There are 2 protein chains.
Amino acid sequence: MTLRKSIILYGVAMALLMGVLKFAEYRFFVHDLSLELYLGLVAVLFVGLGVWVGRRLTRVKVIEPSTEITRDEAKLKKLGITKREYEVLGLIAQGLSNKEIADKLFVSNSTVKTHTSNLFLKLDASRRTQALQRAKELQIIP
Amino acid sequence: MTLRKSIILYGVAMALLMGVLKFAEYRFFVHDLSLELYLGLVAVLFVGLGVWVGRRLTRVKVIEPSTEITRDEAKLKKLGITKREYEVLGLIAQGLSNKEIADKLFVSNSTVKTHTSNLFLKLDASRRTQALQRAKELQIIP
DNA sequence: TGTGAATTCATACTTTTGGCCGATTGTGTT
DNA sequence: AACACAATCGGCCAAAAGTATGAATTCACA
């Protein structure tokens, strides 16, 4: 996709260059415009092209994150973390207390505590802040 | 710094362009090389310049983090967070308990609690997880 | 159909955390 | 010197969080 686009654009650029050259050649016989102007025109055109290519090259880094998202579920299964536990983990990351989490999930405080305890076992943590740190390390939360 | 560099580079580029033009002019009288070759040369040169500029432009995003680091202190002052409090905040983010933080900083548990309490006031939080969330929002911790 | 995992809840207990007081010491500023 | 401020510490109490144990329910799936 990206490669094909690049090739097409390169072709277009080459065609444009040829056009400019032909135009210049034509003008040359007429002895109308100065050479400097042609060169300036070409320069501006290719600076533009260069900027575009440069941006393309650096934009590759932005595409990476999407790969990690798909890996998440695999990581969760490897750690034995269930959906509900992961849900609770997310709410902990948002800074909610057990009570607030319980209210949000329509369960009792006990249930949330059970989930967090299990989370701590699986994440090898003994505090919620530690669990968050571990979860970030394991890249299961942003 | 960056602006000055850009200006210098722009100057160099202009000088280069002038050189190319003079060279082209000279060659023009000799009627040796073709016009297409000059144009091609200029094109290649400015594609290079364009790539460089493009990377500069996109690299702005990469440079931002360092800018934020310098902004960090300004943010901290705006929030009234002291060095010691910020230190404690960092250790909380690493998942340490008050006791562990106290040991690491060679102070008493009371002192750490004082720092965290002040932090909570300044970050408008009432839990350490909430403080972390706020701190991330305010971009004073990664 | 029954088996295991996930989810739910409770109770009791310990540890950690947070809120609210006050107090001392050093440092730099006016 | 007087003052503001950062950093330090302690005590007390209440709330939140974490641990351990046991048990009921639901639900997928073999």
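Model, not experiment: these values are computed from the prediction. Letters A, B, ... are given to chains in the order of the sequence lines, protein chains preceding strands, and every chain is numbered from 1.
- Put simply, CD1 on Ile101(B) is 15 Å from P on dA7(D), counting in whole angstrom units.
- The backbone N or O of Ile140(B) lies less than 3.5 Å from no partner atom in the side chain of Lys75(B), so there is not a single donor-acceptor pair.
- Proximity of residues 108-133 of chain B to DNA chain D (heavy atom under 4.0 angstrom from any strand atom) is restricted to Ser108(B), Ser110(B), Thr111(B), Thr114(B), His115(B), Arg127(B).
- Between Glu100(B) and Arg127(A) there is a salt bridge, since at least one side-chain N of the basic residue sits less than 4.0 Å from a carboxylate O of the acidic one.
- Remark: C1' of dA7(D) and CG of Leu105(B) are 12 Å apart, rounded to the nearest angstrom.
- Atom OG1 of Thr111(B) is separated from atom CD1 of Ile101(B) by 12.0 Å, given to the nearest 0.5 angstrom.
- Nearest heavy atom pair, residue Phe120(B) against residue Ala131(B), reads CE2-CB, 3.7 Å.
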Please write out the pairs of protein N or O atoms and N or O atoms of nucleotides 23-30 of chain C separated by less than 3.5 Å, giving the distance to one decimal.
none

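- Distance, Asp103(B) CG to dT8(D) P: 14 Å, rounded to whole Å.
- Two end axes, each from the C1' atoms of five base pairs, can be drawn for the helix from dT1(C)-dA30(D) to dT30(C)-dA1(D); they diverge by 50°, to 10 degrees.
- In this structure, NZ of Lys83(A) is placed 15 Å from P of dA5(C), rounded to the nearest angstrom.
- Across the protein-nucleic acid pair, Leu96(A) atom CG and dA16(D) atom P stand 14 Å apart, rounded to whole Å.
- In this structure, Thr82(B) OG1 and Asn118(B) CG are separated by 7.5 Å, a value rounded to the nearest 0.5 Å.
- One can place CG of Asn98(A) at 14 Å from C1' of dT15(C), the figure rounded to the nearest angstrom.
- The distance from atom CG of Leu91(A) to atom CG of Asn98(A), rounded to the nearest 0.5 Å, is 10.5 Å.
- Looking at every heavy atom in both residues, Ala135(A) comes nearest to Leu89(A) through CB-CD2, 4.0 Å.
- Of the possible polar contacts, one joining the Lys122(A) side chain to the Gly80(A) backbone as a donor-acceptor pair under 3.5 Å is found.
- Rounded to the nearest 0.5 Å, atoms CD1 (Ile141(B)) and CD (Gln133(B)) are 9.5 Å apart.
- Distance, Leu89(B) CG to dT17(C) P: 15 Å, rounded to whole Å.
- At whole-Å resolution of the value, OH in Tyr86(A) and P in dA5(C) are 23 Å apart.
- Position along DNA chain D of the nearest nucleotide to Val107(B) versus Gly80(B) favours Gly80(B) as the more 5'-ward residue.
- Interatomic distance, Asp103(B) CG to Leu96(B) CG, rounded to the nearest 0.5 Å: 10.0 Å.
- Rounding to the nearest 0.5 angstrom, the gap separating the NE2 atom in His115(A) from the CG atom in Leu105(A) is 7.5 Å.
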